[in-house]
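Values in this document were obtained by computation on a predicted structure and should not be read as measured data. We name chains A, B, ... by the order of the sequence lines, and we start the count at 1 in each one.
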There are 2 protein chains.
Amino acid sequence: MQLFINHINKDVTLDEVGLKKLSSILVFKELNKKEFLIKPGEAANTMNFIVQGCMRSYYLDKNAQEHTLQLGIEQWWINDLYSYLSRKKSRMYVQALEKTLLIQIPRIELEKLYIEVPEMSHFFRIKIQNAYVAVQERVIDSMSDDAYERYENFRKAYRDIEQRVPQYIIASYLGVTPEFLSYLRKKHS
Amino acid sequence: MQLFINHINKDVTLDEVGLKKLSSILVFKELNKKEFLIKPGEAANTMNFIVQGCMRSYYLDKNAQEHTLQLGIEQWWINDLYSYLSRKKSRMYVQALEKTLLIQIPRIELEKLYIEVPEMSHFFRIKIQNAYVAVQERVIDSMSDDAYERYENFRKAYRDIEQRVPQYIIASYLGVTPEFLSYLRKKHS
DNA sequence: GAAAAAACTTAAGGTATCTTAAGAAGCGAA
DNA sequence: TTCGCTTCTTAAGATACCTTAAGTTTTTTC
C-alpha cells in the first residue's frame, strides 16, 4: 500500500485530502496462478496496479496462436487499455502468471476523482502517454529489428521479468515460435 | 476553417467563447510537395491538422530503410506524437506528399487553452486514445496477419489514401519491400 | 514534347522464420 | 519419490519475404 502511494508520488504530488480520496476508492484483488482478470468478451472497467506477482495480456489470432502484448510485475500497471479507453469489449486475456495481488481503481470512481483531484487526471494522462510511447516503440522495433535483436532488446528492457516467465511466452511476445527462439538462443550461445 | 471547427465539434461542443479562444491560437502553415514539417533531431511542438493535402511520418532504420508510421489526408491529424508527448527530439521525418495546408496549434498555447476550455483537453484526450488504439491495432495486425492480409486491411482502412500515395510508401507502411508488394499484387490479381 | 527522374515490375537466388514431430528436461502434485 | 504435465530442444523440410539487378512504365521538369 505504501508502495502504491510512493508509485503515484513519483509522477505527481498528492496532499492528505487527495490521498484519502484516492484510498477510499481502491479495491484489492487476489488472483491465483493462471487465473484470469479479463477474458475476451468482457470489458475492462478498472485500472490495475500489481502489488505482488506477475501478469500478462494476450490474445488468440485466427489460427489460435497466442500473442502476448503486455507483461508486468510488481509496480506495473496491467490492463487491456484498448477496452478500458474505448469501452468496447475486450479481445484479450489478462492472466496471472503467478499468485498475484492487485490494487484496482474502478473507472466510475476514478472519473469522479479526476474532477476532485486533478493530479490524478494528470497522473493517468502520463501513464497513457507512456503506454502510447511503448506501443509505438514496439511497432518500430518489429519493423527494424530481426528476431534476435528483439530478443536482446527484450532482455535489456525486461531484465526482471525474463526470469519469471516461461520462454514460450517471451517468444509469443517477440512474435516468433518457441522453437525458433530456442534455436536462436543456441546459435548465439 | 469551417471544416476544422466541424471536425472539433464532432467530439466536443464548444461555445462561442471557447471557439474564439481556440481560433486565436491557430497558425496556418503551407508545405510544398516533399517539404518537411519535422526532421530527426527537431522537436514536435505543435498539433497539426491537415486542411488540404497529404502527409506522412517515417523514420530510417539502421540500414537506412524507410518505415512509414502514419499517413494522413484532409481532416486527419499528423505528428510525431511520441516527440510531442515526451518532449524528446524526434527520430521522424514528417513530410508533405502533396502541396499541403495545415492548421497548427502550438503546445504552449494549447496547454493554457486546456485550462480555460476544458472541452479541448477532452478533445485531445480522445485523439490520443485513438492514436493509442490505432498503434495497438497495428501491433496486433503485424503479429497475426501475413503481408497480403495486411495489404487488404490497409486498402479497406485507407481507401481514400491508397490512390494518392506511391506504392513503395504503402510497402514501407506494411513492412515489406516494394518488390514484394508488387509480387503480391500480381499473384492475387 | 523531350529528357530526366521517380516509381513499378520481373525474376533468380538467398535468408529468416515456420511447421511438424519427436524426445528430453524440469517441476508441481499426490 | 514418482507420475503427469508443462516447458524446452533438436532437426528436417517448407514458405514468406528479401536482395540484387535489370528493364519498363509513369510522372515531372524544363
Side-chain angles (χ1 to χ4, degrees), chain A residues 32-35 53-54 56 58 60-68 71 93 95-100 141-155 161-189, chain B residues 31-36 53-54 56 58 60-68 71 93 95-100 141-155 161-189:
Chain A
N32 286 317
K33 185 168 177 172
K34 301 203 175 174
E35 201 177 335
C54 181
R56 71 157 169 160
Y58 68 95
L60 300 181
D61 72 16
K62 52 189 174 311
N63 306 314
Q65 295 285 68
E66 283 182 13
H67 298 281
T68 298
L71 287 167
Y93 295 88
Q95 184 189 35
L97 299 177
E98 305 172 357
K99 197 175 198 322
T100 295
D141 262 36
S142 77
M143 296 207 295
S144 314
D145 299 347
D146 69 19
Y148 191 69
E149 289 170 325
R150 295 203 303 278
Y151 179 56
E152 286 181 315
N153 291 161
F154 176 87
R155 296 182 65 179
I161 295 188
E162 195 202 344
Q163 322 296 348
R164 285 165 71 170
V165 306
Q167 203 169 293
Y168 77 89
I169 289 183
I170 296 176
S172 85
Y173 180 93
L174 297 173
V176 297
T177 58
E179 293 85 355
F180 189 56
L181 179 55
S182 178
Y183 161 79
L184 288 176
R185 282 161 51 88
K186 181 169 192 204
K187 182 175 150 196
H188 290 88
S189 67
Chain B
L31 293 168
N32 287 317
K33 186 168 177 173
K34 302 204 175 172
E35 201 177 333
F36 292 100
C54 182
R56 71 157 169 160
Y58 69 96
L60 300 181
D61 70 17
K62 52 187 173 309
N63 306 315
Q65 296 283 69
E66 283 182 12
H67 297 280
T68 298
L71 287 166
Y93 295 89
Q95 183 189 35
L97 299 177
E98 304 171 0
K99 196 177 199 321
T100 296
D141 260 35
S142 76
M143 294 206 297
S144 314
D145 298 348
D146 68 20
Y148 191 69
E149 290 170 322
R150 296 203 302 277
Y151 179 55
E152 287 181 314
N153 291 161
F154 176 86
R155 297 182 66 180
I161 294 187
E162 195 202 344
Q163 321 296 345
R164 285 165 70 172
V165 306
Q167 205 169 292
Y168 78 88
I169 289 182
I170 296 176
S172 86
Y173 180 92
L174 297 174
V176 296
T177 58
E179 294 84 356
F180 188 57
L181 179 54
S182 178
Y183 162 79
L184 288 177
R185 281 161 50 87
K186 180 166 193 210
K187 182 174 151 196
H188 289 88
S189 65

Open item on the list: I need the minimum non-hydrogen distance between B:Cys54 and B:Thr100, along with the two atoms involved.
Closed with: N-OG1, 3.1 Å
TODO: Please check the phosphate of C:dT9 (OP1 and OP2 only) for any side-chain N or O of B:Gln167 closer than 4.0 Å.
DONE: yes
Task: Separation of atom CG in A:Asn32 from atom P in C:dG28, rounded to whole Å - done: 15 Å
Compile the donor-acceptor pairs under 3.5 Å between side chains in residues 174-184 of chain A and protein atoms, sequence neighbours left out, one pair per line.
| unit_1 | atom_1 | unit_2 | atom_2 | d |
| --- | --- | --- | --- | --- |
| A:Thr177 | OG1 | A:Phe180 | N | 3.2 |

Open item on the list: Using a strict threshold of under 4.0 Å (side-chain N to carboxylate O), is an ion pair present between B:Glu98 and B:Lys33?
Closed with: no
Could you list all N or O pairs between the protein and nucleotides 27-30 of chain D that sit under 3.5 Å apart?
| unit_1 | atom_1 | unit_2 | atom_2 | d |
| --- | --- | --- | --- | --- |
| D:dT28 | OP1 | B:Lys33 | NZ | 3.1 |

Open item on the list: Expressed as a whole number of angstroms, how long is the span from A:Lys34:NZ to C:dA29:P?
Closed with: 9 Å
Please write out each protein N/O paired with an N/O of nucleotides 17-23 of chain D under 3.5 Å, distance rounded to 0.1 Å.
| unit_1 | atom_1 | unit_2 | atom_2 | d |
| --- | --- | --- | --- | --- |
| D:dC17 | OP1 | B:Ala147 | N | 3.2 |
| D:dC18 | OP2 | B:Thr177 | N | 3.1 |
| D:dC18 | OP2 | B:Thr177 | OG1 | 3.4 |

Task: Minimum heavy-atom distance between A:Arg150 and A:Asp141, given as atom pair plus value - done: CD-O, 4.0 Å
TODO: Could you state the atom-to-atom distance from CZ of B:Arg185 to C1' of C:dT9 in whole Å?
DONE: 10 Å
Open item on the list: Could you tell me if B:Tyr151 and B:Arg185 have a donor-acceptor pair between their side chains, going purely by distance under 3.5 Å?
Closed with: yes
Open item on the list: Using a strict threshold of under 4.0 Å (side-chain N to carboxylate O), is an ion pair present between A:Glu66 and A:Arg56?
Closed with: yes
- [ ] Return the value, rounded to whole Å, for the distance between atom CZ of A:Arg164 and atom P of C:dG26.
- [x] 22 Å
Task: A:Glu35 vs A:Gln95 side-chain heavy atoms within contact, under 4.5 Å - done: no
TODO: Could you state the atom-to-atom distance from CG of B:Leu174 to C1' of D:dA16 in whole Å?
DONE: 15 Å
Task: Protein-nucleotide distance (A:Leu181, atom CG; C:dT17, atom P), rounded to Å - done: 11 Å
Open item on the list: Using whole Å, what does the distance between atom C1' of nucleotide D:dT6 and atom CD of A:Glu66 come to?
Closed with: 13 Å
Task: Close side-chain approach of A:His67 to A:Asp61, heavy-atom, < 4.5 Å - done: yes
Task: B:Thr68 vs B:Val165 side-chain heavy atoms within contact, under 4.5 Å - done: no
- [ ] Whole angstrom is fine here: how far is it from NZ in A:Lys186 over to P in D:dT9?
- [x] 10 Å
